[in-house]
Amino acid sequence: MNSQRDGSKARLVVLVSGSGSNLQALMDACADDAYGARVVAVGADRDGTVGLERAAKAGIPTFVHKVVDYPDRQGWDAAMTETVAAHEPTLVVSAGFLKILGDSFLAKFAGRFINTHNSLLPSFPGMRGPAAALEYGVRITGATLFLCDPGVDTGQIIAQVAVPVADDDTVDTLTERIKVAEREQLVDTVGRMVREGWRVEGRRVLIPLSFRP
Ligand SMILES: Nc1nc2c(c(=O)[nH]1)N[C@@H](CN(C=O)c1ccc(C(=O)N[C@@H](CCC(=O)O)C(=O)O)cc1)CN2
Ligand SMILES: NCC(=O)N[C@@H]1O[C@H](COP(=O)([O-])[O-])[C@@H](O)[C@H]1O
């Protein structure tokens with residue numbers, strides 16, 4: 001069971017690659033002491049993202065590790081692991097972070113490394129969730145929050161939210177509609193995790209307030 005039951009604030013390290021609207025939602029939630037967490041660092045795999053700008057504007061430490069700056073993927077993974085570990089995270093949150101993290105990172109953070117994805121997994125994993133949902137013709141899609149494992153979007157599911165697909169949806173309109181529900185789910189679920197803790201039973205992730213008898 002992981003939790004900050006001693007009343008101290010949980011430490012969130014958030015990983016981004018793009019606009020960081022999920023990051024902003026977490027930062028906004030953390031402004032309320034009752035939420036029980038604070039974003040202690042924001043990391044990215046590339047320079048110049050709006051997500052990094054959001055963190056810098058809020059005075060939150062940022063870091064960037066680019067794969068091309070390392071002799072191989074393992075070197076990049078080790079650098080990511082070392083930098084994130086230095087911030088002593090309660091929870092590592094991948095929110096639009098577009099790199100798969102490897103063995104070194106998972107050895108350190110598995111079980112407390114989560115990712116929000118813009119589809120109802122296991123449908124439409126990867127980098128094109130909304131586009132793939134539109135191409136397939138599903139009538140309901142959504143967002144999934146899950147614990148990351150060595151696979152791509154194959155980890156244990158923590159929470160899901162359904163989002164209807166409109167007849168006139170484009171990739172952009174569907175992506176944005178999913179994001180609204182996704183951000184609400186991320187803030188609500190991370191808050192419950194850090195305040196109440198969570199445990200993993202096989203493929204299930206249980207948070208006390210959602211425990212079923
Ligand atoms: N070990 C894991 N790491 C990450 C996971 C995961 O499930 N396990 N999820 C991703 C986030 N994600 C979807 O939600 C995702 C991100 C990136 C990719 C991908 O194919 N990335 C390529 C490079 C793409 C690029 O740089 O443009 C890669 O890593 O080589 C798939 C799914 C976060 N990390
Ligand atoms: N599977 C990777 C992926 O596509 N992730 C998606 O990137 C967006 C980031 O938005 P944000 O930068 O505004 O938070 C999110 O909608 C997230 O599901």
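Each ligand, and each atom within it, is numbered from 1 in the order the structure gives. This one's a predicted model, so the numbers in the text were calculated from it and none came from an experiment.
- Note: His87 and Phe63 have parallel aromatic rings, judged against thresholds of 30 and 60 degrees for the angle between ring planes.
- Remark: ligand 1 and Thr154 share no N or O pair separated by less than 3.5 Å (distance only, no angle test).
- Scanning Leu106, Leu98, Val152 for the heavy atom closest to atom 22 (C) of ligand 1 points to Leu98.
- For ligand 1, none of its N or O atoms has an N or O atom of Ser94 under 3.5 Å away.
- The line from OG1 of Thr90 to CZ of Arg112 is 8.0 Å long, rounded to the nearest 0.5 Å.
- Checked against salt bridge (Lys or Arg N to Asp or Glu O under 4.0 Å), Asp168 has no partners two or more places apart in sequence or in another chain.
- Applying the salt bridge (Lys or Arg N to Asp or Glu O under 4.0 Å) test to Glu135 and every residue at least two apart in sequence or in another chain returns Arg128.
- Across all their heavy atoms, Leu120 and Thr141 have their closest contact at CD1-O, 3.4 Å.
- Among all protein heavy atoms, the one lying closest to atom 9 (N) of ligand 1 is Asp153 OD1, 3.4 Å.
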With the criterion set at N/O pairs under 3.5 Å, what does the list of contacts between the protein and ligand 2 look like, atom names and distances included?
from	atom 1	to	atom 2	distance (Å)
ligand 2	1 (N)	His117	ND1	3.0
ligand 2	1 (N)	Gly126	O	2.8
ligand 2	10 (O)	Lys179	NZ	3.3
ligand 2	12 (O)	Ser19	N	3.4
ligand 2	12 (O)	Ser19	OG	3.3
ligand 2	12 (O)	Gly20	N	2.8
ligand 2	13 (O)	Ser19	OG	2.6
ligand 2	13 (O)	Ser21	N	2.9
ligand 2	13 (O)	Ser21	OG	2.6
ligand 2	13 (O)	Lys179	NZ	2.7
ligand 2	14 (O)	Ser21	N	3.3
ligand 2	14 (O)	Asn22	N	2.9
ligand 2	14 (O)	Asn22	ND2	2.9
ligand 2	16 (O)	Glu182	OE1	2.7
ligand 2	18 (O)	Thr116	O	3.4
ligand 2	18 (O)	Asn118	N	3.0
ligand 2	18 (O)	Glu182	OE2	2.6

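- Of the polar atoms of Pro150, none of the N or O atoms is found under 3.5 Å from an N or O of ligand 1, judged by distance alone.
- Smallest separation of non-hydrogen atoms from Ala55 and Thr62: CB-CG2, 3.6 Å.
- Nearest protein heavy-atom neighbour of atom 18 (C) of ligand 1: Met127 SD, 3.5 Å.
- Electrostatic pairing of Arg139 and Asp167 counts as a salt bridge here, judged by a charged N lying under 4.0 Å from a carboxylate O.
- Across all non-hydrogen atoms, the minimal contact from Phe124 to Ala133 is CE1-CA, 3.6 Å.
- Residue contacts with ligand 1, taken as heavy atom pairs separated by less than 4.0 Å, do not involve Lys66 at all.
- Backbone and side-chain nitrogen or oxygen atoms of Ile100 are examined, and one is located within less than 3.5 angstrom of a nitrogen or oxygen of ligand 1.
- Using 4.0 Å as the threshold, Asp149 has a heavy atom nearer than that to some atom of ligand 1.
- When only non-hydrogen protein atoms are considered, atom 16 (C) of ligand 1 lies nearest to Phe97 O, 3.6 Å.
- Contact atoms of ligand 1 toward His117: 13 (C), 14 (O) (distance under 4.0 Å to a heavy atom of the residue).
- Counting only heavy atoms of the protein, atom 14 (O) of ligand 1 lies nearest to Asn115 ND2, 2.7 Å.
- In terms of protein heavy-atom proximity, atom 28 (C) of ligand 1 is closest to Arg73 NH2, 3.5 Å.
- The single protein non-hydrogen atom nearest to atom 26 (O) of ligand 1 is Lys99 NZ, 2.7 Å, given as residue, atom name and distance.
- For the ligand labelled ligand 1, residue Gly155 lies outside the 4.0 Å heavy-atom shell.
- Residues Gln185 and Leu145 share a closest heavy-atom pair of NE2-N, 3.8 Å.
- Put simply, Ile157 and Val200 are part of two different groups of oily side chains (I, L, V, M, F, W, Y) that touch within less than 4.5 Å, one to the next.
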Tabulate below the donor-acceptor pairs under 3.5 Å that side-chain atoms of residues 93-108 make, not counting sequence neighbours, or state none.
from	atom 1	to	atom 2	distance (Å)
Ser94	OG	Asn115	OD1	2.6
Lys99	NZ	Asp45	OD2	2.9
Ser104	OG	Thr81	OG1	2.9

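- Residue contacts with ligand 1: Gly102 is excluded, as none of its non-hydrogen atoms falls under 4.0 Å.
- Below 3.5 Å of separation, one finds an N or O of Gly151 facing an N or O of ligand 1.
- Heavy atoms of Phe146 come nearer than 4.0 angstrom to ligand 1 in at least one pair.
- In the hydrophobic clustering of this structure, Val13 does not group with Val190; members are Ile, Leu, Val, Met, Phe, Trp, Tyr whose side-chain heavy atoms approach within less than 4.5 Å, directly or through other members.
- Residues Leu12 and Val194 form a side-chain contact, since some pair of their non-hydrogen atoms from C-beta on lies under 4.5 Å apart.
- At the top of the distance list for atom 3 (N) of ligand 1, counting protein heavy atoms only, stands Leu101 N, 3.1 Å.
- When all heavy atoms of Val187 and Ala29 are compared, the pair lying nearest together is CG1-CB, 3.6 Å.
- Between Ile158 and Met193 the shortest side-chain heavy-atom distance falls below 4.5 Å.
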